[in-house]
Trainee: 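Pasting a structure here, questions to come.
Computed over heavy atoms, backbone and side chain alike; hydrogens, waters and symmetry mates excluded.
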Amino acid sequence: MRTNLVVANWKMHGHKKEVTQLLNALKNGINTSATKDSKMVICPPSLFLGQVQKELAETGIAIGTQNAHPQNEGAFTGEVGFAMLREFSCSYAIIGHSERREIFAETDKFIAEKFAAAQVQSVIPILCIGETQAQRESGLTESTVLGQLQAVISEVGIEAFANAVIAYEPIWAIGTGLTASPEQAQEVHAAIRSFLAKLDQNIAENISILYGGSVKANNAEALFYQSDIDGALVGGASLDAEEFLTIYAAA
Ligand code: PEP
């Protein structure tokens with residue numbers, strides 16, 4: 001069965017006091033929300049994981065990491081591994097976000113290594129795939145997105161997707177205020193699902209495919225109404241409790 005997920009990617013934002021305020025608002029909001037069928041996942045900067053773990057204990061709100069190194073330990077200055085993250089109750093990991101692909105030059109191969117390493121530690125990878133504006137305008141949306149997906153499948157095998165999440169995030173829509181229309185997003189989500197169905201029908205039917213790219217309180221419902229959209233990966237709007245709770249309620 002597909003799970004509806006609403007995932008907060010705080011990116012490199014927040015300070016201790018703000019984190020507590022935001023989490024308190026989410027905990028209060030989620031208690032009074034009628035929506036219990038969807039899962040909320042918070043991915044803070046790693047530095048705040050101890051605080052978030054304490055403050056979210058027994059709330060049912062899951063914790064994720066924005067990044068990790070594929071090795072569990074070693075001479076990798078500045079990095080953290082999935083085994084460490086498990087100690088902070090991380091159960092999800094954003095993998096292959098376009099900011100990591102572009103700014104930190106992460107390759108498909110490295111992304112696939114992280115995907116596999118996350119699963120070894122029972123962390124569910126949320127694999128991000130998406131096209132640039134130029135690729136969309138050249139009619140390369142599907143080939144780009146499916147190519148990124150195939151690159152990981154070639155390394156880890158289709159079976160690994162039985163316990164994974166995919167996030168379709170058009171790069172031109174991330175942090176820009178431009179959102180794919182519900183129809184544009186649905187078209188790509190359906191293409192992803194039918195690509196997977198050719199490899200494994202069961203996985204295709206059961207995997208959650210999230211949409212990400214300027215999801216806000218005022219566009220979430222129309223996106224979630226689409227049959228192949230199973231939730232959202234939310235950047236900017238996840239830093240505002242009211243906005244984020246409205247998106248969560250829409251899921
Ligand atoms: C993201 O960072 O994954 C994202 C979708 O950001 P935003 O919601 O701000 O576009």
Side-chain angles (χ1 to χ4, degrees), residues 3 5-31 38-101 103-104 106 110-111 113-128 163-165 167 169 174-175 208 210 212 215 231-241 243-245 247-248:
T3 314
L5 281 179
V6 180
V7 182
N9 176 12
W10 288 358
K11 309 196 187 192
M12 201 172 72
H13 291 292
H15 49 76
K16 281 184 181 174
K17 196 168 156 204
E18 205 175 50
V19 166
T20 298
Q21 283 167 349
L22 185 48
L23 293 179
N24 282 342
L26 294 178
K27 286 189 280 187
N28 291 336
I30 216 168
N31 281 342
S38 303
K39 197 162 198 173
M40 184 185 284
V41 184
I42 304 295
C43 303
S46 299
L47 209 51
F48 296 124
L49 280 169
Q51 183 183 347
V52 171
Q53 181 188 37
K54 240 183 248 150
E55 296 185 7
L56 288 186
E58 315 291 329
T59 61
I61 302 175
I63 303 172
T65 180
Q66 297 174 22
N67 183 41
H69 193 276
Q71 299 296 322
N72 280 334
E73 57 183 11
F76 302 103
T77 302
E79 294 290 317
V80 292
F82 290 105
M84 296 168 180
L85 291 161
R86 271 311 297 174
E87 295 196 345
F88 290 90
S89 308
C90 270
S91 49
Y92 289 88
I94 300 172
I95 308 271
H97 191 282
S98 61
E99 286 154 17
R100 300 235 34 115
R101 290 178 191 261
I103 306 168
F104 301 99
E106 289 193 4
F110 193 48
I111 288 162
E113 278 175 41
K114 291 185 184 206
F115 186 106
Q119 290 188 326
V120 169
Q121 297 299 329
S122 304
V123 173
I124 299 173
I126 302 172
L127 175 66
C128 301
N163 206 14
V165 173
E169 296 210 300
I174 296 179
S208 298
L210 315 183
V215 176
L233 178 51
V234 186
S238 70
L239 296 167
D240 179 318
E243 276 269 319
F244 192 61
L245 284 164
I247 295 168
Y248 176 72

Trainee: Using the side chain to side chain contact (heavy atoms under 4.5 Å, CB included) rule, take T3 and V165 through it: C-alpha gap first, then chi angles, then the decisive distance, then the call.
Mentor: CA-CA 10 Å; T3 314; V165 173; over 6 Å; no

Trainee: Taking the side chain from Q53 and the backbone from E87, do they hold a donor-acceptor pair closer than 3.5 Å?
Mentor: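 Indeed, once roles are kept as given, a pair shorter than 3.5 Å links the two residues.
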
Trainee: Mind listing the closest non-hydrogen atom pair of F82 and T65 along with its distance?
Mentor: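 For F82 and T65, the tightest heavy-atom pair comes out as CE2-CG2, 4.4 Å.
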
Trainee: Mind running side chain to side chain contact (heavy atoms under 4.5 Å, CB included) on V7 and I126 for me, showing each step along the way?
Mentor: CA-CA 10 Å; V7 182; I126 302 172; 4.0 Å; yes

Trainee: In the structure I gave you, are the side-chain heavy atoms of Q71 and E79 within less than 4.5 Å of one another anywhere?
Mentor: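 Side-chain contact under 4.5 Å: no.
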
Trainee: Would you say the side chains of T20 and Q51 form a donor-acceptor pair under 3.5 Å?
Mentor: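 Yes, a side-chain donor-acceptor pair sits under 3.5 Å.
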
Trainee: For I94 versus C128, what's the shortest heavy-atom pair and its separation?
Mentor: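 That would be CG2-SG, 3.7 Å.
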
Trainee: What is the minimum heavy-atom distance between A117 and P70, and which atoms define it?
Mentor: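 Minimum heavy-atom separation between A117 and P70: CB-O, 3.3 Å.
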
Trainee: With rounding to the nearest 0.5 angstrom, report the CD to CD distance, E99 to Q66.
Mentor: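 E99 atom CD to Q66 atom CD measures 9.0 Å (nearest 0.5 Å).
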
Trainee: Let's go through I30 and I61 carefully: what are the C-alpha distance in whole Å and the side-chain angles of both, what is the deciding distance for side chain to side chain contact (heavy atoms under 4.5 Å, CB included) to 0.1 Å, and is it a yes or a no?
Mentor: CA-CA 9 Å; I30 216 168; I61 302 175; 3.8 Å; yes

Trainee: Might you confirm whether atom CD of E73 has over 12 heavy atoms from other residues, nucleotides or ligands at distances under 6.0 Å?
Mentor: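 Atom CD in E73 is not packed in, count stays at 12 or less.
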
Trainee: Nearest 0.5 Å, what's the SG-OH distance between C43 and Y92?
Mentor: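 Reported value, rounded in 0.5 Å steps: 10.0 Å.
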
Trainee: Please name the pair of heavy atoms, one in P44 and one in I63, separated by the smallest distance, quoted to 0.1 Å.
Mentor: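 Looks like CD-CG2, 4.5 Å.
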
Trainee: Looking at F115 and A164, what are the two nearest heavy atoms and their distance?
Mentor: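 Scanning both residues completely, I find the closest heavy atoms to be CZ-CB, 3.5 Å.
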
Trainee: Begin with the C-alpha distance, continue with both residues' side-chain angles, and end with the deciding distance and a verdict on side chain to side chain contact (heavy atoms under 4.5 Å, CB included) for L26 and F244.
Mentor: CA-CA 8 Å; L26 294 178; F244 192 61; 3.8 Å; yes

Trainee: Side chains of V19 and W10: closer than 4.5 Å at any heavy-atom pair?
Mentor: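 Yes, at least one pair of side-chain atoms sits under 4.5 Å.
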
Trainee: Is there a side-chain contact between K54 and F88, using heavy atoms and a 4.5 Å cut-off?
Mentor: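 In short, these two side chains do not touch, never coming nearer than 4.5 Å.
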
Trainee: So, taking the atom named CG in L245 and the one named CG in N28, what distance separates them when rounded to the nearest 0.5 Å?
Mentor: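 One finds 9.5 Å between CG of L245 and CG of N28.
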
Trainee: Taking the side chain as C-beta and beyond, is there a heavy-atom pair between H97 and E169 under 4.5 Å?
Mentor: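 H97 reaches E169 side chain to side chain.
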
Trainee: How long is the gap from CD1 on I95 to CD1 on I124, to the nearest 0.5 Å?
Mentor: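 Rounded to the nearest 0.5 Å, the CD1-CD1 separation comes to 12.0 Å.
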
Trainee: Can you find a heavy atom in the side chain of R86 that is under 4.5 Å from one in the side chain of S91?
Mentor: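 Sidechains of S91 and R86: in contact.
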
Trainee: Can you name the nearest heavy-atom pair linking G96 to R101, along with the distance?
Mentor: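 Between these two residues, the closest heavy atoms are O-NE, 2.8 Å.
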
Trainee: Please answer whether the main-chain N or O of N67 pairs with a side-chain N or O of K114 as donor and acceptor at a distance below 3.5 Å.
Mentor: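 The answer is no, because no donor-acceptor pair under 3.5 Å joins these two groups.
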
Trainee: State, with a plain yes or no, whether a side-chain heavy atom of N24 is found less than 4.5 Å away from one of K27.
Mentor: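 Side chain of N24 against side chain of K27, heavy atoms only: contact under 4.5 Å found.
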
Trainee: Which value, rounded to the nearest 0.5 Å, describes the distance between I111 atom CD1 and E106 atom CD?
Mentor: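 Reported to 0.5 Å precision, the distance equals 5.5 Å.
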
Trainee: Does Y248 reach the main-chain N or O of S38 with its side chain, forming a donor-acceptor pair under 3.5 Å?
Mentor: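 Pair found, side chain donor or acceptor close to backbone of S38.
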
Trainee: Let me confirm one number: the CG-CG distance from L127 to L210, rounded to the nearest 0.5 Å.
Mentor: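 Output value for this atom pair is 11.0 Å.
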
Trainee: Would you call Q119 and P125 a side-chain contact if the rule is heavy atoms closer than 4.5 Å?
Mentor: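 Counting from C-beta outward, Q119 and P125 do come under 4.5 Å.
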
